Amino acid sequence: RLILEVFRRVINEQPPFVTQGGNRYSGVEYGLVNCSWYASDCCCKRTEVTAVFSSIYPLYGASQDCKNQMNYLMCYFCDPFQHRKATVCADFCRMVYLNCKDAKFEGTRIGEIYRNGSAFCEAQNFDIIEGKSKCFNFDPTVFDHAALIESSSLY
């Protein structure tokens with residue numbers, strides 16, 4: 001619900017950008033304010049990233065870890081190894097939920113909307129698999145060099 005409604009409005013109205021067997025191939029994309037770690041090899045366009053992130057409702061009371069993990073999760077469509085429907089590592093879903101369950105979305109705590117990390121990711125229409133290979137997983141190193149999210153007005 002949280003991420004999915006934005007993706008439905010913005011992403012699904014755009015041309016498809018899947019790489020494997022799809023209509024678009026990954027490549028260099030300059031000027032990505034969010035998802036910049038994919039700039040050298042991504043499947044998204046700057047305008048698509050801007051549209052997604054400008055349509056996000058704020059998460060009130062979110063920790064910095066929550067903000068970073070949500071930002072990373074929302075960038076799944078830039079990953080050159082993902083398809084339109086992301087396959088997310090179960091550990092990543094659990095981590096996002098644990099770090100974001102006390103943040104409020106539209107006045108309600110995420111922990112009251114979803115019972116656990118799997119429920120959260122499933123509600124976003126992500127496929128979830130156990131393990132750490134062949135699934136979208138969090139890379140905290142992309143946030144090491146800047147407090148980009150903290151100064152952002154996303155949440």
Side-chain angles (χ1 to χ4, degrees), residues 1-14 16-18 29 31-39 42-132 134-155:
R1 179 177 163 224
L2 177 68
I3 297 171
L4 184 59
E5 67 185 64
V6 174
F7 286 145
R8 277 192 188 128
R9 281 197 323 256
V10 178
I11 299 305
N12 290 334
E13 294 171 4
Q14 301 292 326
F17 41 82
V18 292
E29 182 68 20
L32 294 176
V33 175
N34 286 299
C35 313
S36 58
W37 51 93
Y38 289 115
C42 69
C43 279
C44 58
K45 301 293 182 193
R46 183 186 53 79
T47 54
E48 294 161 346
V49 172
T50 300
V52 166
F53 280 88
S54 66
S55 300
I56 298 298
Y57 297 109
L59 285 180
Y60 296 102
S63 67
Q64 192 62 47
D65 285 339
C66 172
K67 292 175 188 179
N68 289 349
Q69 291 160 9
M70 283 292 240
N71 186 113
Y72 197 88
L73 185 60
M74 290 169 26
C75 289
Y76 87 89
F77 67 97
C78 291
D79 187 327
F81 300 105
Q82 289 295 320
H83 295 279
R84 182 175 290 278
K85 186 172 180 180
T87 301
V88 180
C89 299
D91 285 345
F92 187 19
C93 293
R94 287 188 282 272
M95 179 177 29
V96 170
Y97 180 79
L98 288 173
N99 285 305
C100 297
K101 67 181 179 180
D102 293 325
K104 290 185 177 180
F105 173 71
E106 295 184 333
T108 306
R109 285 181 43 249
I110 289 176
E112 294 172 16
I113 301 170
Y114 308 103
R115 69 185 181 286
N116 57 37
S118 292
F120 172 79
C121 283
E122 287 168 357
Q124 312 316 316
N125 202 31
F126 296 141
D127 287 333
I128 306 161
I129 61 172
E130 292 294 334
K132 302 213 184 290
K134 298 188 180 182
C135 55
F136 190 69
N137 204 7
F138 183 62
D139 178 5
T141 64
V142 302
F143 297 102
D144 284 351
H145 299 292
L148 187 63
I149 300 302
E150 194 160 324
S151 63
S152 173
S153 60
L154 289 178
Y155 299 107

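Keep in mind that what you see is a predicted model, and the values were worked out from it rather than measured.
Residues Tyr38 and Cys75 approach most closely at CE1-O, 3.8 Å, considering heavy atoms. Smallest separation of non-hydrogen atoms from Glu122 and Ile128: CG-CD1, 3.4 Å. For the residue pair Lys67 and Ala62, the shortest heavy atom distance occurs at CE-O, 3.4 Å. The shortest non-hydrogen separation linking Phe138 to Asn68 is CE1-O, 3.9 Å. Contact detail for Pro80 and Cys43: the closest heavy-atom pair is CA-SG, 3.6 Å. In terms of heavy atoms, Cys100 sits closest to Met70 at SG-CG, 3.8 Å.
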- Task: Please lay out, stage by stage, how Cys42 and Cys78 fare under the test disulfide (SG to SG under 2.5 Å).
- Result: CA-CA 5 Å; Cys42 69; Cys78 291; 5.5 Å; no
- Mind running side chain to side chain contact (heavy atoms under 4.5 Å, CB included) on Leu59 and Ile110 for me, showing each step along the way? CA-CA 9 Å; Leu59 285 180; Ile110 289 176; 3.7 Å; yes
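Between Tyr72 and Phe136, the ring center distance clears the sub-6.0 Å criterion.
A donor-acceptor pair under 3.5 Å links the side-chain atoms of Tyr97 to the main chain of Tyr114, judged by distance alone. Side chain of Glu29 to main chain of Arg46: a donor-acceptor pair is present (N/O by atom type, distance under 3.5 Å, no hydrogens or angles).
Expressed to the nearest 0.5 Å, how far CG of Leu98 lies from CG of Asp65 amounts to 11.0 Å. A distance of 10.5 Å separates CD in Gln69 from CD in Gln64, rounded to the nearest 0.5 Å. The structure places CD1 of Ile113 at 14.0 Å from CZ of Arg115, a figure rounded to the nearest 0.5 Å. Interatomic distance, Glu130 CD to Cys89 SG, rounded to the nearest 0.5 Å: 9.0 Å. Atom NZ in Lys101 sits 11.0 Å away from atom CG in Asn116 (nearest 0.5 Å). A distance of 9.0 Å separates CG of Asp139 from CH2 of Trp37, quoted to the nearest 0.5 Å.
Between Arg109 and Glu112, at least one side-chain nitrogen of the basic residue sits less than 4.0 Å from a carboxylate oxygen of the acidic one, meeting the salt-bridge criterion.
Val88 is not listed as a side-chain neighbour of Val96, based on a closest heavy-atom distance of 4.5 Å or more. For the pair Cys35 and Phe53, the minimum side-chain heavy-atom distance is below 4.5 Å. You'll find the side chain of Asp91 reaches within 4.5 Å of the side chain of Lys132, heavy atoms only.
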